[in-house]
Amino acid sequence: MNISINQDGLIQRSRWWIERGFLLLGVGFCIFQLALSWNAPISEQYAFRQAQTAISVTWLLNGSGWLDYQTPVFGAPWSVPFEFPVYQWLVALIKEVFWGLTVDQAGRIVSLSFTLACLWPLRRLTRHLHNGTSLFYVIGALFLLSPIYAFWARSFMIESTALFFSIWFLAALQDYLRGGQSVSGYVELTLVAALAALVKVTTFVGFSLAGLIVLCVYALNTWRQGHVREAIKAVISVGFSMLISLVVLWLWVRYADGLKSANPLSAMFTGQSLERWNFGTLPQRMSPDLLRVVAIRGPNEALGSWLVPLVLVLWSLIKLSRGKIRVCLCLVGLYVVPFYIFTNLHLVHHYYQLANSVFLVAAVGYAMVSLDEAMPGLLGPLLIAGAALGFYGYQKYYLDDELRGSREHELAVASELRQSIPANDVFMGFGLEWSSEVPYYAGRRAILVPDRTTAPILRDVKDHLATYLDGHTLAGVVVCPNGLATDEAKKRDYQALLDSVTSNRTSQVVGYCLLYR
């Protein structure tokens with residue numbers, strides 16, 4: 001008997017050290033990746049999206065409005081707001097307080113800080129799924145060792161901010177329902193739901209579905225126990241809280257779209273204009289391409305290999321109770337569903353999986369802890385395997401891009417503009433799409449003309465150029481290979497605009513573009 005007790009105690013002590021050790025390993029791994037890219041430009045995966053956020057911070061620091069913040073890439077009035085700028089405000093604040101930091105470094109710090117801060121609501125949330133702290137430490141470790149989260153944690157993106165508020169929303173909902181539905185809990189739930197929706201609604205949607213499941217399970221169990229009024233109160237109060245978040249989101253979208261509509265170029269990016277782009281099409285939802293993203297690309301980038309969730313889920317089906325199997329399958333389902341809501345976004349942009357990969361990571365962590373309870377001693381080997389695959393996945397899918405980047409051409413064009421164009425002047429760009437990379441690193445306002453620009457808008461830019469400039473001087477034109485030059489419906493108007501803005505300017509070759517000054 002004493003031997004058995006001693007063995008149990010040894011297992012418990014080993015488990016205590018293993019859990020905390022792997023969580024600390026995850027923290028160290030994320031900090032190390034930040035250190036590797038500390039002095040590097042944000043010219044890596046999806047540099048256009050990182051620069052879009054960064055240029056807004058730059059102009060916040062230069063005195064632009066805090067709600068109608070500037071993203072000066074389409075001409076006056078220079079504002080193209082997409083998300084509510086919580087992340088941008090914080091980066092600007094960090095840059096102001098710690099003046100020795102660059103904007104890039106301040107953005108990376110805030111992004112990593114929100115990634116690490118996700119551990120706090122995860123801790124609150126896992127208490128409701130499992131007794132003790134094991135589940136928190138295992139999921140937290142897998143989360144920080146996940147290739148996709150470790151990479152984007154050191155980027156200049158709002159994703160970790162949106163994820164933090166979304167996880168916090170779920171934790172606040174659980175605490176509100178199980179804590180007696182207090183007034184303070186309700187205020188917290190409502191404020192966090194509104195913030196999560198404002199920062200990035202595409203991230204919040206998956207967590208809203210998770211919240212709906214939590215609410216339905218709670219209300220059903222409470223009803224069965226005979227507490228009908230309490231169940232009804234929960235449904236009504238949480239429903240009203242979500243309604244408030246939707247109203248706040250609607251007001252912001254309406255305000256942001258109003259600003260975008262003030263300029264024909266930026267009007268192409270209102271919520272209504274991007275609806276098809278965001279949601280995709282039915283053929284996309286039925287395509288093998290999406291299935292490969294869901295079953296292979298997503299798990300590879302979240303866990304290092306698609307075999308990890310497959311093996312653990314199948315193992316769980318054999319070894320675990322029905323209740324635990326339901327939890328695992330529910331978490332996997334929450335990972336899958338967002339792909340079929342924002343289909344095109346997930347097909348095109350790898351970083352969108354930050355919004356839902358956490359559910360897959362949680363499913364694997366829950367399966368690991370549950371299997372260890374059924375067969376004590378498994379947790380250590382499982383975590384070692386999980387960490388090894390995380391390192392492997394990071395090296396395979398992210399490390400090369402982190403160390404070298406791939407945007408030398410854009411940086412070269414930006415450098416030339418910065419040296420040759422006065423700080424208060426504007427340049428026009430063709431073939432740069434609507435990417436903020438060149439304007440950001442050039443430190444100059446821009447009028448970018450994407451390939452999607454219609455012929456009437458091309459004519460409008462030509463005929464009303466002074467309106468787009470708003471008193472500034474057009475000091476340069478960058479012409480890179482673009483689709484406007486070969487589009488039969490647009491090339492005549494494109495050429496007319498190009499001739500009007502390059503007349504009497506001299507040109508030089510920069511990379512594979514021409515720079516007219």
Side-chain angles (χ1 to χ4, degrees), residues 46 48-53 55-56 65 67-85 88 157-159 162 197-205 246-285 338-349 351-352 355 428-437 439 445-464 467-468 482-484 487 489-490 493-494 497:
Y46 298 98
F48 80 93
R49 189 62 182 86
Q50 298 193 56
Q52 179 187 327
T53 310
I55 197 173
S56 298
L67 281 179
D68 57 339
Y69 60 95
Q70 293 186 11
T71 309
V73 296
F74 288 131
W78 312 111
S79 184
V80 195
F82 282 89
E83 60 273 338
F84 193 77
Q88 291 89 330
M157 299 279 273
I158 68 167
E159 310 308 311
L198 282 171
V199 172
K200 191 158 190 175
V201 68
T202 52
T203 298
F204 184 55
V205 164
L246 289 175
V247 170
V248 171
L249 175 63
W250 177 80
L251 290 172
W252 167 251
V253 171
R254 184 178 181 186
Y255 173 75
D257 281 356
L259 292 172
K260 294 174 194 172
S261 298
N263 177 319
L265 284 170
S266 57
M268 296 186 291
F269 298 90
T270 61
Q272 185 175 0
S273 300
L274 293 175
E275 186 174 316
R276 183 182 176 88
W277 170 262
N278 291 336
F279 292 102
T281 63
L282 182 60
Q284 283 180 312
R285 289 177 173 83
F339 288 104
Y340 291 88
I341 298 176
F342 301 108
T343 302
N344 189 61
L345 291 177
H346 280 280
L347 279 170
V348 175
H349 300 306
Y351 66 85
Y352 264 86
M428 183 176 289
F430 301 93
L432 298 173
E433 285 303 301
W434 62 292
S435 171
S436 300
E437 294 169 78
R445 290 183 173 90
I447 302 173
L448 301 182
V449 185
D451 286 355
R452 71 176 69 186
T453 307
T454 62
I457 295 178
L458 290 170
R459 291 194 292 271
D460 187 81
V461 175
K462 175 180 174 294
D463 296 338
H464 304 96
T467 303
Y468 288 82
N482 62 80
L484 294 170
D487 189 321
K490 304 175 184 179
D493 293 297
Y494 162 71
L497 171 58

Looking just at side-chain N and O atoms, do N482 and Y494 make a donor-acceptor pair shorter than 3.5 Å?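 Indeed, the side chains of N482 and Y494 share at least one donor-acceptor pair under 3.5 Å.
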
Please tell me whether N344 and Q284 have a donor and an acceptor in their side chains that are separated by less than 3.5 angstrom.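 Distance-only check passes for N344 and Q284.
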
What are the two closest non-hydrogen atoms of [X] and [Y], and how far apart are they?
X    : Y    : result
P439 : A446 : CG-CB, 3.7 Å
V73  : S436 : CG1-OG, 3.5 Å
T202 : Y352 : OG1-CE2, 3.4 Å
P264 : I457 : O-CD1, 3.5 Å
L67  : F84  : CD2-CE1, 3.5 Å
P450 : L484 : O-CD1, 3.8 Å

Is a donor on one side and an acceptor on the other found under 3.5 Å between the side chain of K260 and the backbone of F269?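 Answer holds: yes.
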
Is it the case that the side chain of S79 and the backbone of Y69 share a donor-acceptor pair, with hydrogens and angles ignored and the cut-off at 3.5 Å?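 At least one qualifying donor-acceptor pair exists.
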
Side chain to side chain contact (heavy atoms under 4.5 Å, CB included) for W252 and V201? Distances and angles first, verdict last. CA-CA 11 Å; W252 167 251; V201 68; over 6 Å; no

Spatial distance of atom [atom1] ([X]) from atom [atom2] ([Y]) [nearest 0.5 Å]:
X    : Y    : atom1 : atom2 : result
M268 : T453 : CE    : OG1   : 4.0 Å
L448 : S266 : CG    : OG    : 11.5 Å
F339 : L347 : CZ    : CG    : 9.0 Å
I341 : F279 : CD1   : CZ    : 8.5 Å

With sequence neighbours left out, what residues match R452 under salt bridge (Lys or Arg N to Asp or Glu O under 4.0 Å)?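 If we apply the salt bridge (Lys or Arg N to Asp or Glu O under 4.0 Å) test to R452, skipping adjacent residues, there are no hits.
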
For the residue pair Y351 and Y46, categorise the inter-ring angle as parallel (less than 30°), tilted (30 to 60°) or perpendicular (more than 60°).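 Y351 vs Y46 ring planes: perpendicular.
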
Parallel, tilted or perpendicular: which fits the ring planes of H349 and F48, with parallel below 30° and perpendicular above 60°?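 Tilted: the ring planes of H349 and F48 meet at 30° to 60°.
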
L265 and W434: CA distance, side-chain angles, deciding distance, side chain to side chain contact (heavy atoms under 4.5 Å, CB included) verdict: CA-CA 10 Å; L265 284 170; W434 62 292; over 6 Å; no

Working note: D451 + E433, criterion side chain to side chain contact (heavy atoms under 4.5 Å, CB included); need CA distance, chi angles, decisive distance, verdict. CA-CA 6 Å; D451 286 355; E433 285 303 301; 3.1 Å; yes

Check whether any side-chain heavy atom of [X] lies under 4.5 Å from a side-chain heavy atom of [Y], and answer yes or no.
X   : Y    : value
D68 : W78  : no
P77 : L259 : no
F82 : T71  : no

Going by an N to O cut-off under 4.0 Å, is there a salt bridge joining K490 and D493?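 D493 and K490: not salt-bridged.
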
Which residues pass the side chain to side chain contact (heavy atoms under 4.5 Å, CB included) test with L246, sequence neighbours left out?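 If we apply the side chain to side chain contact (heavy atoms under 4.5 Å, CB included) test to L246, skipping adjacent residues, there are no hits.
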
Side chain to side chain donor-acceptor pair (under 3.5 Å) partners for E83, two or more places apart: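 For E83 the side chain to side chain donor-acceptor pair (under 3.5 Å) partners, ignoring immediate neighbours, are R49, Q88.
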
Under the criterion side chain to side chain contact (heavy atoms under 4.5 Å, CB included), I'd like the reasoning laid out for L249 against F204: C-alpha separation, chi angles, the key distance, then a yes or no. CA-CA 11 Å; L249 175 63; F204 184 55; over 6 Å; no

